[in-house]
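Some notes on the structure that comes next.
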Amino acid sequence: MIVGGGSAGWMCAAACARVLHPARYRLTLVESDDIGTVGVGEATLPALRDFNTLLRIDEAQFMRETQATFKLGIEFRNWDWPGEHYVHPFGSFGQLWGGVEFQHHWMRARQRGLNPAPLEEYSCAVRACRRNAFDFPDQKTPRSTFYGYAYHFDAGLYANFLRRWATARGVARIEGQVIDVAQKESGDISGLTLKSGQKIEGDFFVDASGFRSLLLGDKLESAWEDWTHWLPCDRAWAVPCERSADFTPFTRSIAQRSGWIWRIPLQHRTGNGHVFASRFISDEQARATLLGQLDGPALAEPKLLRFHAGRRREAWKRNCVGIGLASGFLEPLESTSLFLIQQAIQDMLRYLPAPETGGIDERLSAEFNRRSDALYERIRDFLILHYVANRRHGEPLWDHVRSFPLPESLQHKLKLFASRGHVPYFKDGFFSRDSWLAVLFGQGLLPRAYDRLADIIPIDELDAKLRVLHACVATHAGEMPTHADVIARHCGESEALRVAAVT
Ligand SMILES: Cc1cc2nc3c(=O)[nH]c(=O)nc-3n(C[C@H](O)[C@H](O)[C@H](O)COP(=O)(O)OP(=O)(O)OC[C@H]3O[C@@H](n4cnc5c(N)ncnc54)[C@H](O)[C@@H]3O)c2cc1C
């Protein structure tokens with residue numbers, strides 16, 4: 001039984017319908033038209049393509065129906081200092097040489113006076129972003145030019161798309177407002193009561209009720225761990241505007257005095273939002289800041305959303321798993337919410353009890369929670385990194401985030417990088433080493449020393465290798481067609497796209 005029909009609820013319903021045998025599992029989703037969804041969540045990570053593959057969704061159809069565009073990364077403007085910018089790409093910077101990571105060779109080249117190009121010029125994805133170009137990664141692409149891609153899409157259209165997909169495959173949808181949640185003596189949830197008086201029973205429950213967290217938070221009292229001292233932004237204004245000619249294959253994130261603004265290009269419009277810390281700016285000022293920076297006329301009234309950074313201590317408690325906003329929230333700086341939803345769904349399916357076993361195996365739910373905790377904490381640290389490494393002195397939000405003691409786990413990563421240019425590598429989960437490097441170098445942090453194993457390459461050889469790599473990346477990215485052209489070809493011509501392809 002799934003409570004909630006936002007992106008979390010319908011992603012979960014679709015994946016369950018795909019993986020669980022209909023003769024053994026009956027799937028029901030309850031959602032309330034009166035309550036509605038948050039209706040934002042337009043930028044994704046490359047892992048979403050795995051989710052589409054799981055569902056066997058045709059990419060072109062999916063992109064047409066959700067008005068999607070391609071995303072090669074995020075451009076951060078003004079984060080370190082007004083006027084500075086960098087891209088966090090979904091791809092590598094250079095490649096391993098002699099088993100040593102590229103950043104060490106690049107640092108060595110700098111320190112030895114070889115005058116290498118800026119780090120970002122060794123990333124194919126960044127160079128494509130700079131040209132507003134896109135192409136599908138080729139399996140035969142050399143490691144040095146590796147990149148992946150994700151999507152931007154219309155969140156409302158995406159939820160509708162998944163709803164059609166899931167209900168066509170046997171998920172029963174009930175419209176109604178849950179007003180009571182019943183428990184057995186054991187404490188497990190046994191059923192729901194709707195406003196209409198209807199009672200629905202179930203064995204296993206997914207709480208996808210959004211920030212309300214009706215089952216996991218309200219009923220089962222899974223404790224909330226607050227992270228607002230590290231991530232103080234707690235509100236956002238969101239508004240769509242007319243599409244501009246600047247049809248970028250990347251999300252743009254522009255730092256502001258008391259937060260940051262997102263800009264997400266879709267086929268039919270541009271999504272915009274101002275994420276801000278309400279203790280440093282009023283709602284009215286934040287709204288005006290957003291409206292003053294739109295590319296084109298607004299297409300709707302701005303919508304105000306309130307949130308807190310943090311997570312539920314136990315995302316799986318008893319016979320209930322919280323997915324999406326019901327289990328936690330991290331601001332959309334790196335587009336991680338849909339990714340967290342996807343990971344939670346996949347892990348839930350991994351550890352879900354078989355109906356005939358008649359109960360939860362607590363070792364499996366504990367493993368789910370351990371993985372969920374690790375993922376949340378790594379993403380949290382990565383987001384904090386964007387804030388702490390700044391030189392925006394004299395601006396209260398930025399002074400606050402710089403001065404606050406960091407989580408131990410982040411302090412460790414920063415010290416490791418500062419002393420020898422290393423970034424911890426995780427086999428599972430996000431973010432990758434190249435992502436950390438993009439933000440660390442992008443925010444102007446430089447290590448004091450590099451890995452001395454890089455010294456095994458003769459310096460002339462290093463110089464030649466860097467030149468060849470630089471040229472190879474430039475050629476590869478230089479041959480890509482424009483983003484607008486690829487979408488028009490892939491998804492079918494539309495008037496908006498034809499205009500973008502010409503401009
Ligand atoms: C400002 C902002 C920007 C974001 N941007 C991104 C982004 O770029 N990328 C990204 O990945 N994520 C982003 N997110 C997060 C993303 O929007 C959410 O993670 C995603 O939409 C999932 O939401 P949800 O389904 O958990 O909750 P919701 O969308 O709130 O859905 C909750 C559902 O529960 C139902 N419900 C609630 N109470 C009841 C009840 N009593 N009875 C019956 N039904 C009930 C509602 O009807 C609704 O269907 C953003 C979030 C915010 C706030």
Side-chain angles (χ1 to χ4, degrees), residues 1-13 28-48 51 71 74 150-156 158-160 162-163 173-181 192-196 198 200 206-219 233-239 251-253 259-264 266 271-276 286 290 302-309 312 315 322-345 379 430:
M1 169 89 54
I2 300 165
V3 179
S7 308
W10 285 113
M11 281 175 78
C12 184
T28 306
L29 184 147
V30 185
E31 65 180 325
S32 160
D33 289 345
D34 290 342
I35 292 176
T37 65
V38 293
V40 281
E42 302 187 323
T44 64
L45 293 175
L48 195 83
F51 189 73
K71 174 180 172 190
I74 305 176
Y151 310 102
H152 305 114
F153 55 58
D154 182 316
Y158 183 59
N160 292 343
L162 288 178
R163 179 202 285 186
R173 171 183 182 261
I174 297 178
E175 197 287 314
Q177 190 175 332
V178 176
I179 53 160
D180 192 35
V181 179
L192 312 170
T193 306
L194 304 188
K195 204 172 172 184
S196 62
Q198 184 182 355
I200 317 167
V206 173
D207 187 346
S209 64
F211 289 126
R212 288 172 187 79
S213 197
L214 284 178
L215 283 65
L216 187 68
D218 282 4
K219 198 60 171 183
C233 286
D234 58 354
R235 290 187 193 179
W237 284 104
V239 68
T251 307
R252 186 167 282 147
S253 162
W260 57 278
I261 281 181
W262 79 73
R263 177 189 174 280
I264 297 178
L266 304 179
N272 309 276
H274 184 187
V275 174
F276 61 98
L290 175 63
K303 181 174 160 185
L304 183 64
L305 298 132
R306 293 181 169 82
F307 48 80
H308 293 288
R312 299 262 161 217
I323 290 184
L325 304 174
S327 69
F329 184 72
L330 288 164
E331 64 184 79
L333 186 54
E334 285 282 353
S335 327
T336 42
S337 288
L338 295 178
F339 170 73
L340 283 163
I341 290 170
Q342 180 184 344
Q343 291 298 308
I345 293 168
I379 294 175
F430 257 49

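Just so you know, these numbers come straight off a predicted model, no measurement behind them. All ligand and atom numbering here is 1-based and tracks the order in the structure.
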Exercise. Hey, does A208 sit under 4.0 Å from ligand 1 if you only count heavy atoms?
Worked result: yes
Problem set entry | Subset of ligand 1 atoms that lie under 4.0 Å from at least one heavy atom of A43 | 7 (C), 8 (O), 9 (N), 10 (C), 11 (O)
Seminar exercise, completed: I341 heavy atoms within 4.0 Å reach ligand 1 at atoms 19 (O), 22 (C)
Problem set entry | A286 backbone acceptor or donor facing H274 side chain under 3.5 Å | yes
Seminar exercise, completed: Ranked by distance from atom 7 (C) of ligand 1, the top protein heavy atom is G41 CA, 3.4 Å
Problem set entry | Location of contacts on A238 toward ligand 1, heavy atoms closer than 4.0 Å | neither
For this session: Would you confirm whether S213, through its side chain, and A326, through its main-chain N or O, come within 3.5 Å as a donor-acceptor pair?
Result: yes
For this session: Tell me which part of F339 gets within contact of ligand 1: side chain, backbone, both or neither, using heavy atoms under 4.0 Å.
Result: neither
Exercise. Taking the minimum heavy-atom distance to atom 15 (C) of ligand 1, which of G328, S7, G324, S337 ranks first?
Worked result: S337
Exercise. What pairs with F307 under ring pair (Phe, Tyr, Trp, His ring centres under 6.0 Å), at least two apart in sequence or on another chain?
Worked result: F329
Problem set entry | Distance from atom 53 (C) of ligand 1 to nearest protein heavy atom, with residue and atom | F329 CZ, 3.7 Å
Exercise. Which atoms of ligand 1 sit under 4.0 Å from any heavy atom of G210?
Worked result: 27 (O), 30 (O), 32 (C)
For this session: Ignoring hydrogens and angles, tell me if any N or O in the side chain of D180 forms a donor-acceptor pair with the backbone of T193 under 3.5 Å.
Result: no
Seminar exercise, completed: Short version for A8: what comes under 4.0 Å of ligand 1, heavy atoms counted, is both
Problem set entry | Closest protein heavy atom (residue, atom, distance) for atom 52 (C) of ligand 1 | V40 CG2, 3.5 Å
For this session: Decide whether an N or O pair under 3.5 Å exists between V30 and ligand 1.
Result: no
Exercise. Which is it for P332 and ligand 1 at heavy atoms under 4.0 Å: side chain, backbone, both or neither?
Worked result: side chain
For this session: Check ligand 1 against S335 and write out every atom of the ligand that is under 4.0 Å from a heavy-atom position of the residue.
Result: 9 (N), 11 (O)
Problem set entry | For S335, all residues meeting side-chain contact (heavy atoms from CB on, under 4.5 Å), sequence neighbours excluded | A43, K71, I74
Seminar exercise, completed: Checking heavy atoms under 4.0 Å, the part of E42 that sits near ligand 1 is backbone
For this session: Look at the side chain of S209 and the backbone N and O of L214, then say whether any donor-acceptor pair between them is shorter than 3.5 Å.
Result: yes
Exercise. Can you find a side-chain donor-acceptor pair between E331 and W260 that sits under 3.5 Å?
Worked result: yes
Seminar exercise, completed: For atom 46 (C) of ligand 1, the closest protein heavy atom turns out to be G36 O, 3.2 Å
Exercise. Is there a donor-acceptor pair closer than 3.5 Å between any side-chain N or O of Q342 and the backbone N or O of A47?
Worked result: yes
Exercise. In ligand 1, which numbered atoms sit nearer than 4.0 Å to a non-hydrogen atom of S209?
Worked result: 32 (C), 34 (O), 37 (C)
For this session: Please determine, by modelled atom types, if H152 and T251 share a side-chain donor-acceptor pair under 3.5 angstrom.
Result: yes
Problem set entry | L214, portion touching ligand 1 at heavy-atom distance under 4.0 Å | side chain
Seminar exercise, completed: protein heavy-atom neighbour closest to atom 28 (P) of ligand 1 works out as V38 N, 3.7 Å
For this session: Ignoring angles and geometry beyond distance, decide whether G5 reaches within less than 3.5 Å of ligand 1 through its nitrogen or oxygen atoms.
Result: yes
Exercise. Considering only protein heavy atoms, which is closest to atom 44 (N) of ligand 1, and at what distance to one decimal place?
Worked result: S32 N, 3.4 Å
Exercise. Would a 4.5 Å heavy-atom cut-off, applied to side chains only, mark T44 and F153 as touching?
Worked result: yes
Problem set entry | Minimum side-chain heavy-atom gap V239-L290 below 4.5 Å | yes
Problem set entry | Atom NZ of K303: over 12 foreign heavy atoms under 6.0 Å | yes
Exercise. Of all the non-hydrogen atoms in the protein, which one sits nearest to atom 26 (O) of ligand 1, and at what distance?
Worked result: L325 N, 2.9 Å
Exercise. Counting heavy atoms only, which of C233, G156, G4 is nearest atom 35 (C) of ligand 1?
Worked result: G4
For this session: Note the single closest protein heavy atom to atom 42 (N) of ligand 1, along with its residue, its atom name and the distance in Å.
Result: V178 N, 2.8 Å
Problem set entry | Polar side chain donor-acceptor pair, D34 to S32, under 3.5 angstrom | no
Exercise. Hey, are R173 and D33 close enough for a salt bridge, meaning a charged N less than 4.0 Å from a carboxylate O?
Worked result: yes
Seminar exercise, completed: A student checking ligand 1 against A236 at a 4.0 Å heavy-atom cut-off should list atoms 1 (C)
For this session: Consider ligand 1: state whether an atom of it lies below 4.0 angstrom from any non-hydrogen atom of G176.
Result: yes
Exercise. Quick one: does L194's side chain get under 4.5 Å of I179's, heavy atoms only?
Worked result: no
